[in-house]
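Take a look at the structure set out below.
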Amino acid sequence: MSWSFLSRRRSGLSFAAVLFALLLPALAQAALPQPVEQDLGVLLDLSQKRNAPINPKDYSALVDYVMQLKGDARELVPARRYDGNGTVLRVSMKTGLARLMHYCYNPAIPNYLLFPSVLRLGGWHPGSDILTKDTKPWTHLGKQDAPVALWGQEYEVNAPDSFGGGYYRYDLNRLLIMTKHGGKNVLISISKQKDKSTVGKKAVILDDGEWSYFYSGINGLNKGLIGWADTYMYDSASVQVFVEDGPNQTTFTLFKWLRAGWTGLNVVQKDHINEGSTRYANAFKKIVESDRLPSPEELAANVRELSTMSDAELDRKISAYAIAIENIAKTSPAMNKSEFQKVVEGGKYAKILNREERIGVILVEYLKSRLGKRPLVDFPATPVTARKAS
């Protein structure tokens, strides 16, 4: 900002007006009301207190708030938590809440199939309520007189973002609350990272629209001068509020915090979280709204079948996949590094993938084949059937 701008005061522009102009961008980003911040803190604490009592007062101000939200919520600025910045995102989806839960919170369907733009792998740890206590949580919607709560622990491996090009494995505490509020069905999903992640490894976005990513297995970041750094996700947390506005309409509001970097230094800004959250929401919305998406029952059945394929069949499909990745790498500027070429040349990429990673690849490529995308692995043709609304 030049001093000549401030000198315009002499031509009739007051200092107060200049100060307001300087502060306007910051003022446009609004803080959350204090009762909402308080509810967010209570819910995040409850996610780490298994079997604690759940009271509607713990979240009433938060749900009231998201029900009246309008416009682009990314301008909102939640208070920093766990020494990390946060953001808010709001999306409307043409689907009922029970149907959405049947996909997203179904132990027979891995979560990365619904969020392939931000997750490589994920699953529930043994002992989680959704595995031992209630495998069909969507059945509670509209029937409960009091909140129904499920606790558990998940693991996730993220897909690379455009900022750092790294991927990490980490564990989360998860709390699901199914309730009614103002006569509407509501799901609140809370997560809190347990410990810092494994060290970051280099990855490349090959084609984000086709959910194609390269995972090198090499420690570091795929980011210029800081590629050498040992980076970690130190902490993360989220509160997601799903409100069923009608039989085929659900509004989803995400509150997300993230702290990541190296040597204890956090380098994640609000804009970085916005970018990742937007990628997550856009892909999620397209998947659940697609008329080509298999029913939850069919998808779960195909997950079981593909997850139990023989090693020989899996080797055959992954070998074809590795060759496809090698061919993409030849035209991708981001892959023009000797360390990456050594991993993919001659189909060697298949050798660095363990069985879980291979199954993850196959499941995502299968889903791509059903949704009309370009899979890198061949699957038998399946008739397109219209989804049932719920």
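Hydrogens, waters and symmetry mates are skipped; everything else that's a heavy atom, side chains included, is used.
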Original post:
Has K196 got its NZ or CZ under 6.0 Å from the middle of the six-membered ring of Y168, at an angle within 45 degrees of the ring axis?
Top reply: no

Original post:
Taking the six-membered ring of Y82, is the NZ or CZ of K192 close enough (under 6.0 Å from the centre) and on axis enough (within 45°)?
Top reply: yes

I need the [X] [atom1] to [Y] [atom2] distance, nearest 0.5 Å.
X    : Y    : atom1 : atom2 : value
E289 : K285 : CD    : NZ    : 3.5 Å
L89  : D72  : CG    : CG    : 7.5 Å
H102 : W138 : NE2   : CH2   : 4.0 Å
W124 : Q153 : CH2   : CD    : 10.0 Å
L175 : L44  : CG    : CG    : 9.5 Å

Subject >> Ring geometry between Y232 and Y234 (parallel below 30°, tilted from 30 to 60°, perpendicular above 60°) >> reply: tilted

**OP:** Please work out whether the ring planes of F252 and F242 are parallel, tilted or perpendicular, with thresholds of 30° and 60°.
**Re:** parallel

Would the number of heavy atoms belonging to other residues, nucleotides or ligands and lying under 6.0 Å from [atom1] of [X] be above 12?
X    : atom1 : value
N282 : CG    : yes
R374 : CZ    : no
Q38  : CD    : no
D378 : CG    : no
K348 : NZ    : yes

State, to 0.1 Å, how close [X] and [Y] come at their nearest heavy-atom pair, and which atoms those are.
X    : Y    : result
Y59  : L43  : CB-CD1, 4.1 Å
Q193 : D235 : OE1-C, 3.5 Å
Y366 : P294 : OH-CG, 3.9 Å
A329 : V344 : CB-CG2, 4.2 Å
Y167 : S216 : OH-N, 3.8 Å
R50  : G127 : NH2-O, 2.7 Å

**OP:** Report the C-alpha separation of D245 and T251 in whole Å, then their side-chain angles, then the decisive distance to 0.1 Å, and conclude whether the side chain to side chain donor-acceptor pair (under 3.5 Å) test is met.
**Re:** CA-CA 7 Å; D245 299 310; T251 301; 2.4 Å; yes

Original post:
For the salt bridge (charged side-chain N to carboxylate O under 4.0 Å, His left out) test, which of E154, E156, E356 pairs with R169?
Top reply: E356

Original post:
Knowing that exactly one of V204, I328, I205 qualifies, which makes a side chain to side chain contact (heavy atoms under 4.5 Å, CB included) with F214?
Top reply: V204

Original post:
Knowing that exactly one of V36, V88, T87 qualifies, which makes a side chain to side chain contact (heavy atoms under 4.5 Å, CB included) with L76?
Top reply: V88

**OP:** For S191 and S238, test the side chains for any donor-to-acceptor distance below 3.5 angstrom and give the result as yes or no.
**Re:** yes

Original post:
Taking 4.0 angstrom as the limit, do R120 and E357 come out as a salt bridge?
Top reply: yes

Original post:
Is it true that a side-chain atom of H140 and a backbone atom of P137 form a donor plus acceptor pair closer than 3.5 Å?
Top reply: no

